[in-house]
Participant: 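I have a structure I would like to understand better, so I am pasting it below and will then ask my questions one at a time.
Just so we're clear, the structure is a prediction, and the values are computed from it rather than from any experiment. Protein chains get the first letters and strands the later ones, always in sequence-line order, with residue 1 at the start of each.
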There are 2 protein chains.
Amino acid sequence: MKAVPEVDRSVSQTVKAQLALRDQILAGSLRPGERISELQAVETTGASRTPVRMALVRLEEEGLLEAIPSGGFMVKAFSERDISDSIELRGTLEGLAARFAAERGVSARELEPLKECLAAIDELLRQVPISIEAFSSYVTLNARFHALLTELSRSPPLIRQIDRASALPFASPSGFVMAQSALPEAQQILIIGQEHHRVVIDAIENREGARAEAIMREHARLAVRNLRLALRNRTHLDLLPALALTKTATD
Amino acid sequence: MKAVPEVDRSVSQTVKAQLALRDQILAGSLRPGERISELQAVETTGASRTPVRMALVRLEEEGLLEAIPSGGFMVKAFSERDISDSIELRGTLEGLAARFAAERGVSARELEPLKECLAAIDELLRQVPISIEAFSSYVTLNARFHALLTELSRSPPLIRQIDRASALPFASPSGFVMAQSALPEAQQILIIGQEHHRVVIDAIENREGARAEAIMREHARLAVRNLRLALRNRTHLDLLPALALTKTATD
DNA sequence: TGTATTCGTTATGTATACAATAGCGGGGAC
DNA sequence: GTCCCCGCTATTGTATACATAACGAATACA
């Protein structure tokens, strides 16, 4: 780094490169199927080749990249079924987390942040129709709710696995909720989702593991229906460029 | 590589280092909690520092290593609950795979290899009591059965996730079956396991998704009971050195 | 004109040199 | 005698140079 001496030393070059590349993929400036040039990545991230390569390996393990047999990496492409499977997969994992939380018991104090999330989302949903900005807040709050719920399982292996499953952006139900936010059905879907959130908290409080698990899986099925709906109405799908999906990805 | 000119060029140094390090961890020559010295890894693997570091990153993402905040990696340590959670987690994932297989339908031809596995295991179980060598074959066959079953889901994201969940050696039910192979209950457990295998094939054939899923989860719960049993009777636990677990790992 | 072979360029895989930081030990002072 | 500070050493993080393999283009031959 002689051309750009002012390097941010507070975060490692590897992490910096990883975040930068992930942003590029998620923002869509790197298209699915496209080969990633290390040299180009070096230029755009500002890190040197070694940390860039480390970041590429991490992103491959994360599932965003795919190794090319002859060498190098390409942005992974996903079929519609890959995405719906990922959503259902995540829901199944979250169902297990909810069951663990219910069976192992959580204190009222631990449920407090969940309920705050719930209330904040309720507040947002009072708007009719919901503005785009509110939808954006919803996505953040919803992600927070799911992360908190996952934590309640107190199971590091499970939390780890859910984190991995959530790395794929479309695995998150709210992603597609946002993608179709202008659809009239959207708000109704969000309200149903809130109902699910309420039920899962109640089930965990009452230590009903099976019910807690069932509702999270139902929640995921709602997200899958949501996805199908969004894909039928191609509108607003371009809000999430990374989701540009290929029909023939893995079939 | 001037000191050791005869390098095996058929496989990349990175992969070679990754396999070598994983073997060392699984064989127990690197103990849980122990810091991994890059320099030492360079000596034992024969690769240079760059591929070794790549391998370390991969193994961290795989879950066998843990990053140390101040730098470097250490072998991850697991608590008893971590292990039982991992088994249940894997069972849940395999349950989903079985359900997908049942719902999406598989041809009789695709079920053939599964049935062959089943028959081969039946053959082994006819021995009373089972020899250690037969147990070893059982572990291989059982792993094959589970891998084939996973494939039937035809869901790349799910298969990928199950592979990740299986990377931790103890997440595999058969690992602990073997660990306690000398226990009188062991053979009975294997026989029950076979019954599960039979039921899941039947459920998939008849396209009963819910039943297929339920039996795989039941199968995992059997493995958890199996684990508990093995841990009570500390005998033969040293057959799997990598399983040396720490009570305070993640609590 | 089409195909095959060869050469050149480019990009990846590997090795090593350099830099920076964290941990540890010794020495000094209170 | 104990505690703190300074310096050294060892190990990690980063950068770059080198080797090798793959892709493409151009030319020659059929």
Side-chain angles (χ1 to χ4, degrees), chain A residues 1-22 24-25 29-31 33-62 64-76, chain B residues 1-22 24-25 29-31 33-62 64-76:
Chain A
M1 299 302 302
K2 45 198 161 195
V4 187
E6 61 281 6
V7 190
D8 182 5
R9 292 286 176 199
S10 67
V11 64
S12 80
Q13 297 293 309
T14 302
V15 171
K16 198 180 73 174
Q18 186 178 356
L19 293 176
L21 286 171
R22 179 160 36 203
Q24 288 181 33
I25 297 169
S29 57
L30 294 168
R31 309 292 276 270
E34 187 176 340
R35 184 186 196 125
I36 289 196
S37 160
E38 280 185 11
L39 216 56
Q40 188 181 326
V42 164
E43 284 172 11
T44 59
T45 63
S48 107
R49 273 193 67 209
T50 306
V52 161
R53 283 177 63 71
M54 306 268 283
L56 291 174
V57 168
R58 289 200 129 94
L59 289 170
E60 184 207 353
E61 299 285 330
E62 209 169 281
L64 254 52
L65 298 182
E66 198 172 354
I68 300 173
S70 66
F73 300 94
M74 55 179 261
V75 180
K76 203 160 174 177
Chain B
M1 300 303 303
K2 48 197 161 194
V4 187
E6 62 278 8
V7 189
D8 183 5
R9 293 286 175 197
S10 67
V11 64
S12 79
Q13 297 294 306
T14 302
V15 171
K16 197 181 73 176
Q18 185 177 356
L19 293 176
L21 286 172
R22 181 164 30 209
Q24 288 181 34
I25 297 169
S29 56
L30 293 169
R31 309 292 274 270
E34 186 175 343
R35 185 188 195 123
I36 288 196
S37 160
E38 282 185 9
L39 222 52
Q40 189 182 325
V42 164
E43 283 171 12
T44 58
T45 63
S48 116
R49 271 193 69 211
T50 306
V52 162
R53 283 178 62 71
M54 306 266 283
L56 290 174
V57 168
R58 290 200 128 93
L59 289 169
E60 184 208 353
E61 300 285 330
E62 210 170 280
L64 256 50
L65 297 182
E66 198 172 353
I68 299 173
S70 66
F73 300 94
M74 55 179 264
V75 180
K76 204 160 176 176

Participant: For a 4.5 angstrom cut-off between non-hydrogen side-chain atoms, does A/Arg53 reach A/Thr50?
Facilitator: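 No, their side chains stay 4.5 Å or more apart.
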Participant: Of the nucleotides D/dT12, C/dT12, D/dC23, which has the atom closest to the A/Arg35 side chain?
Facilitator: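 Among the listed nucleotides, the one closest to the side chain of A/Arg35 is C/dT12.
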Participant: Which part of the nucleic acid does A/Ile68 contact within heavy-atom distance under 4.0 Å: base, sugar-phosphate only, or nothing?
Facilitator: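 The answer is nothing, as A/Ile68 stays clear of every strand by at least 4.0 Å.
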Participant: From C/dA11, C/dT14, D/dT14, pick the nucleotide closest to the side chain of B/Pro51?
Facilitator: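 Looking only at side-chain atoms, B/Pro51 lies closest to C/dT14.
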Participant: Using OP1 and OP2 only, check whether a side-chain N or O of B/Thr14 sits under 4.0 Å from C/dT14.
Facilitator: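 Yes, such a contact exists.
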Participant: State whether B/Arg53 places a side-chain N or O below 4.0 Å from either non-bridging phosphate oxygen (OP1 or OP2) of D/dG13.
Facilitator: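 So the side-chain polar atoms of B/Arg53 do come within 4.0 Å of the phosphate oxygens OP1 or OP2 of D/dG13, strictly under.
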Participant: Using the side-chain heavy atoms of B/Thr50, tell me which of these nucleotides is nearest: C/dA15, C/dG23, D/dA15.
Facilitator: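 Of C/dA15, C/dG23, D/dA15, C/dA15 is nearest to the side chain of B/Thr50.
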Participant: Under 4.0 angstrom, heavy atoms only, what part of the nucleic acid is B/Ile36 near: base, sugar-phosphate, or nothing?
Facilitator: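 Since only primed, P, OP1 and OP2 atoms lie under 4.0 Å of B/Ile36, the category is sugar-phosphate.
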Participant: Phosphate oxygens OP1/OP2 of D/dC23: is one of them under 4.0 Å from a side-chain N or O of A/Ser70?
Facilitator: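 Indeed, a polar side-chain atom of A/Ser70 lies that close.
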Participant: Measure from the side-chain heavy atoms of A/Ser12 and tell me the nearest of C/dG13, D/dG13, D/dT11.
Facilitator: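 Of all the options, the side chain of A/Ser12 is nearest to D/dG13.
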Participant: Give the minimum heavy-atom separation between A/Ala55 and A/Leu21, together with the two atoms involved.
Facilitator: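 It is CB-CD1, 4.3 Å.
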Participant: Please examine the side chains of B/Gln18 and B/Leu59, heavy atoms only from C-beta on, and report whether any two atoms are closer than 4.5 Å.
Facilitator: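 Side-chain contact under 4.5 Å: yes.
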Participant: Grab the two heavy atoms, one from A/Ser29 and one from A/Glu34, that are nearest each other, plus how far apart they are.
Facilitator: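 What the structure gives for the nearest pair is O-OE1, 4.5 Å.
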